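These notes concern the structure reproduced below.
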Amino acid sequence: MSDTLRRNLALFPIGIVQKLTELTARQIRYYEQHELIQPVRTEGNQRLFAFNDVERLLEIKKLIDQGLNISGIKRILGPLEAHSDLPNKEEQEKTGEISEQELHDLLKQELLTARMNRPGVANSLIQGELSRFFH
DNA sequence: GTTCTAACA
DNA sequence: TGTTAGCA
């Protein structure tokens with residue numbers, strides 16, 4: 001499985017992203033309106049974020065802390081790469097493109113990476129919220 | 001219980 | 001940005 005595919009897998013709802021990034025849901029939706037991120041939607045119109053989106057949000061947060069406005073952030077992060085029409089988690093599982101086992105391995109790998117780059121409270125949150133993937 | 005959109009203190 | 005209303 002390619003790295004870009006892994007990072008673009010739509011996995012978490014806004015609540016988890018909220019804890020992961022320590023941004024409010026309001027802010028996350030606001031940044032989406034300004035095309036800083038492009039989470040996919042479920043059939044129920046709920047946002048599903050990928051690791052890519054989370055990383056992007058963390059960069060946005062850093063720039064906000066540095067006093068930048070939306071316009072400034074857009075210039076620094078640049079336009080969003082119109083990432084192709086990657087199937088979402090449900091479709092991938094439905095079509096058998098990704099097995100449950102692969103998904104678990106994928107998430108475990110991502111969590112290990114996150115643990116090394118972002119030690120602290122964020123990790124316990126990540127592990128807690130994603131524990132359902134490790135049966 | 002969670003998320004969504006819209007709108008206003 | 002926060003927060004609340006009214007839905008799905």
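Everything numeric here is computed off the predicted structure, so don't read it as measured data. The sequence lines fix the lettering, A, B, ..., with proteins before strands; numbering per chain opens at 1.
A/Ile28 comes within 4.0 angstrom of no nucleic acid atom, judged by non-hydrogen atoms across all strands. Residue-level contact check: A/Arg47 touches the backbone only, with heavy atoms under 4.0 Å from sugar-phosphate atoms and none from bases.
Contact annotation: the side chain of A/Phe49 never approaches that of A/Leu20 to less than 4.5 Å [non-hydrogen atoms, C-beta and beyond]. Side-chain contact between A/Leu48 and A/Phe12: absent, with no pair of heavy atoms (C-beta onward) separated by less than 4.5 Å. In this structure, A/Gln46 and A/Arg41 have side chains that are not in contact, with every pair of non-hydrogen atoms separated by 4.5 Å or more.
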**Report entry** Pair assignment for DNA chain C - dot-bracket with | for other-strand partners, Watson-Crick or G-U under 3.5 Å
**Finding:** .|||||.|

Which pairs, protein N/O on one side and nucleotides 3-8 of chain C N/O on the other, fall under 3.5 Å?
{"residue": "C/dT3", "atom": "O4", "partner": "A/Arg26", "partner atom": "NE", "Å": "3.2"}

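On the nucleic acid side, DNA chain B has its first and last nucleotide under 4.0 Å of a heavy atom of chain A at B/dT3 to B/dA7, going 5' to 3'.
Residues passing the side chain to side chain donor-acceptor pair (under 3.5 Å) test with A/Gln27, sequence neighbours excluded: A/Thr24, A/Tyr31. For A/Lys62, the side chain to side chain contact (heavy atoms under 4.5 Å, CB included) partners are A/Gln66, not counting sequence neighbours. Looking at residues two or more places apart in sequence or on another chain, you find no side chain to side chain donor-acceptor pair (under 3.5 Å) involving A/Asn69.
A salt bridge does not link A/Glu32 with A/Arg26: none of the charged nitrogens is closer than 4.0 Å to a carboxylate oxygen.
Of the inter-residue distances, the one linking A/Asn52 atom CG with A/Leu57 atom CG reads 11.0 Å to the nearest 0.5 angstrom. Atoms CD and CG, from A/Glu22 and A/Leu58 in turn, are 9.0 Å apart once rounded to the nearest 0.5 Å. Interatomic distance, CD1 of A/Ile28 versus CZ of A/Arg47, reported as 9.0 Å (0.5 Å rounding).
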